[in-house]
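Data first, discussion second: the structure below is written as structure tokens.
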Amino acid sequence: MRYVRTTQSLDSGIALVRWMSVAALLLTLTACQDEDPVMAEGRPVSVVTVEAGQLAETIELSGEIQAEQTVGLAFRIGGRVAERLVNVGDRVEAGQVVARLSPTLEQNALAAAEAALAAARGEVDTTRSAFARQERLMDQGFTTRPLFDQALQAQEAAQAQLENAEAQVELAQDRLGFTVLNAGVAGIVTARSVEPGEVVQPGQVVVQIARDEGHDAVFNVPANLLETQVGDTPIRVALADEPTAVAFGRVREVAPQADPVTRTFEVKIGLEDPPEAMRLGATVVGMIELTSRSIIQIPASALTQQGISPAVWVVDPQSSAVSLRSVDVLRFDPGEVVVSQGLEPGEIIVTGGIQALHVGQLVRPLPPAAATGANAAAPEPPGRRPSPS
């Protein structure tokens with residue numbers, strides 16, 4: 001009886017061992033079947049190919065219209081202003097009389113110079129006659145060499161006095177002409193500095209004239225914008241109160257020193273064929289579109305994190321394995337991210353399914369249509385599903 005019981009226990013143990021082996025084999029096969037598609041083919045993910053581009057930015061500044069050249073008119077001599085014939089806003093033509101000085105002193109000086117000229121001419125006539133007489137006597141031998149030389153020197157001195165008197169007359173005539181101030185250019189009077197009855201000094205500006213040759217749009221530009229290389233980029237200038245009045249121009253002049261109050265730099269834009277509505281002093285808005293250096297724009301869904309730095313999953317086209325790479329983000333937009341460094345054009349990055357990836361994992365890019373459908377059918381993350389009412 002004991003032998004029989006021992007045999008039954010042994011048979012039961014062998015059966016148990018066989019059952020456990022079969023169960024382990026089934027579990028192994030099941031695990032292989034679960035992991036086989038992902039390990040062999042790779043996890044399906046959405047990917048995009050990186051492309052380079054440029055970031056455009058529009059800058060707008062307010063300024064005003066000024067004359068390209070402003071001329072200050074002044075008398076060459078000093079004196080009392082007798083009359084000023086123009087006011088601010090008047091249009092003047094080249095050669096038009098702008099102001100006059102009292103000419104009394106200059107007229108008297110001219111009269112004195114003319115009298116001195118007449119005396120010099122009489123002296124020249126006298127010395128010429130004396131020299132001619134001495135010359136005849138010298139030929140006949142009835143005079144001496146000292147008397148002849150004395151007559152010659154007197155004639156030469158009188159001739160020099162005559163030339164000096166003529167020069168004085170011309171100078172007096174010029175000074176009399178300087179009492180009249182003429183406009184040398186055509187334009188519009190933008191400022192006046194003196195009134196009739198005032199005494200002015202030589203070179204003191206009487207009126208300022210904005211020439212008709214050209215107009216500038218003048219802006220006060222911050223220092224950080226001056227670092228941008230505008231070059232020959234055309235700048236669009238429009239009237240602030242009439243946006244349809246538009247002209248284009250290029251940078252003509254940049255102030256070498258900042259304004260001590262505003263700490264901005266004055267920049268002049270030379271306008272090409274501005275409309276008639278762009279009068280002097282009008283407020284304008286200047287617009288220029290600047291393009292940055294080469295940047296890369298990727299979907300915001302591709303961005304993850306490596307430590308404290310932003311990163312993306314990069315797919316190796318040879319092995320289909322993914323690796324995590326840190327990137328420098330230039331700007332965040334609602335749906336896209338601008339990357340300045342870390343990616344090269346032509347590389348493939350993962351944009352969908354990044355939460356389930358690890359370094360070295362094989363991935364399988366989804367077709368564009370499938371990727372769009374997968375994203376659309378993806379379940380909503382926990383916490384965003386609306387609660388039942």
Side-chain angles (χ1 to χ4, degrees), residues 65-132 150-216 253 268 279-281:
I65 298 296
Q66 295 183 6
E68 182 176 337
Q69 294 182 354
T70 300
V71 179
L73 302 182
F75 290 104
R76 297 187 182 184
I77 60 175
R80 183 176 61 84
V81 178
E83 56 181 344
R84 178 178 45 77
L85 304 176
V86 296
N87 289 312
V88 175
D90 292 346
R91 173 171 291 277
V92 297
E93 302 296 333
Q96 180 178 338
V97 178
V98 174
R100 288 190 178 93
L101 294 177
S102 177
T104 304
L105 295 177
E106 283 68 27
Q107 290 174 347
N108 294 337
L110 178 59
E114 291 176 345
L117 176 60
R121 287 174 177 170
E123 183 66 20
V124 168
D125 293 340
T126 301
T127 55
R128 283 179 179 175
S129 299
F131 176 72
Q150 185 178 1
L152 178 60
Q153 292 176 359
Q155 179 185 356
E156 293 175 351
Q159 183 64 34
Q161 289 294 331
L162 175 61
E163 294 175 357
N164 180 63
E166 291 174 346
Q168 292 298 322
V169 169
E170 293 180 359
L171 180 59
Q173 290 175 344
D174 289 342
R175 289 184 63 85
L176 181 60
F178 292 157
T179 60
V180 179
L181 182 60
N182 297 317
V185 295
I188 298 176
V189 178
T190 57
R192 68 172 187 268
S193 304
V194 300
E195 299 293 337
E198 293 186 22
V199 177
V200 296
Q201 300 299 322
Q204 181 179 342
V205 175
V206 177
V207 295
Q208 286 187 344
I209 297 179
R211 302 185 63 173
D212 293 335
E213 278 74 4
H215 290 76
D216 287 339
E253 181 181 320
K268 296 182 179 180
R279 298 182 177 88
L280 297 177

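Because the structure is predicted, anything quoted here is derived from the model rather than measured.
With sequence neighbours left out, the side-chain contact (heavy atoms from CB on, under 4.5 Å) criterion links A130 to R133. R91 pairs by the salt bridge (Lys or Arg N to Asp or Glu O under 4.0 Å) definition with D212, not counting sequence neighbours. For A67, the side-chain contact (heavy atoms from CB on, under 4.5 Å) criterion is met by T70, A210, L280, not counting sequence neighbours. Every side-chain contact (heavy atoms from CB on, under 4.5 Å) that D174 has, sequence neighbours left out, goes to F178. Under the side-chain contact (heavy atoms from CB on, under 4.5 Å) criterion, S102 pairs with R80, T104, not counting sequence neighbours. Shown here are the ring pair (Phe, Tyr, Trp, His ring centres under 6.0 Å) partners of F131, two or more places apart in sequence or in another chain: F148. Partners of E213 according to the side chain to side chain donor-acceptor pair (under 3.5 Å) rule, which considers only residues two or more places apart in sequence or in another chain, are R211.
At a threshold of 4.5 Å between non-hydrogen side-chain atoms, the residues L73 and V205 do not count as touching. Residues V206 and S193 fail the side-chain proximity criterion, which asks for heavy atoms closer than 4.5 Å. Counting only heavy atoms from C-beta outward, the side chains of V200 and L101 approach each other to under 4.5 Å. Considering only heavy atoms from C-beta on, V189 stays 4.5 Å or farther from N87 through its side chain. The side-chain heavy atoms of D216 and I65, taken from C-beta on, include no pair separated by under 4.5 Å. Between V97 and L85 the shortest side-chain heavy-atom distance falls below 4.5 Å.
Rounding to the nearest 0.5 Å gives a distance of 8.0 Å between CD1 of I209 and OG1 of T190. To the nearest 0.5 Å, atom CD of residue Q96 and atom CG of residue D90 are 8.0 Å apart.
Residue pairs meeting the salt bridge (charged side-chain N to carboxylate O under 4.0 Å, His left out) criterion with at least one member in residues 98-120, sequence neighbours excluded, are E83-R100, E106-R175. Each salt bridge (charged side-chain N to carboxylate O under 4.0 Å, His left out) pair with one or both residues in residues 180-204, not counting sequence neighbours, appears once here: R84-E195, R192-E195.
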Exercise answer: donor-acceptor pairs, residues 154-164 side-chain atoms, under 3.5 Å, sequence neighbours excluded:
from: Q159; atom 1: OE1; to: R128; atom 2: NH2; distance (Å): 3.1

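Residues A94 and G184 approach most closely at CB-O, 3.9 Å, considering heavy atoms.
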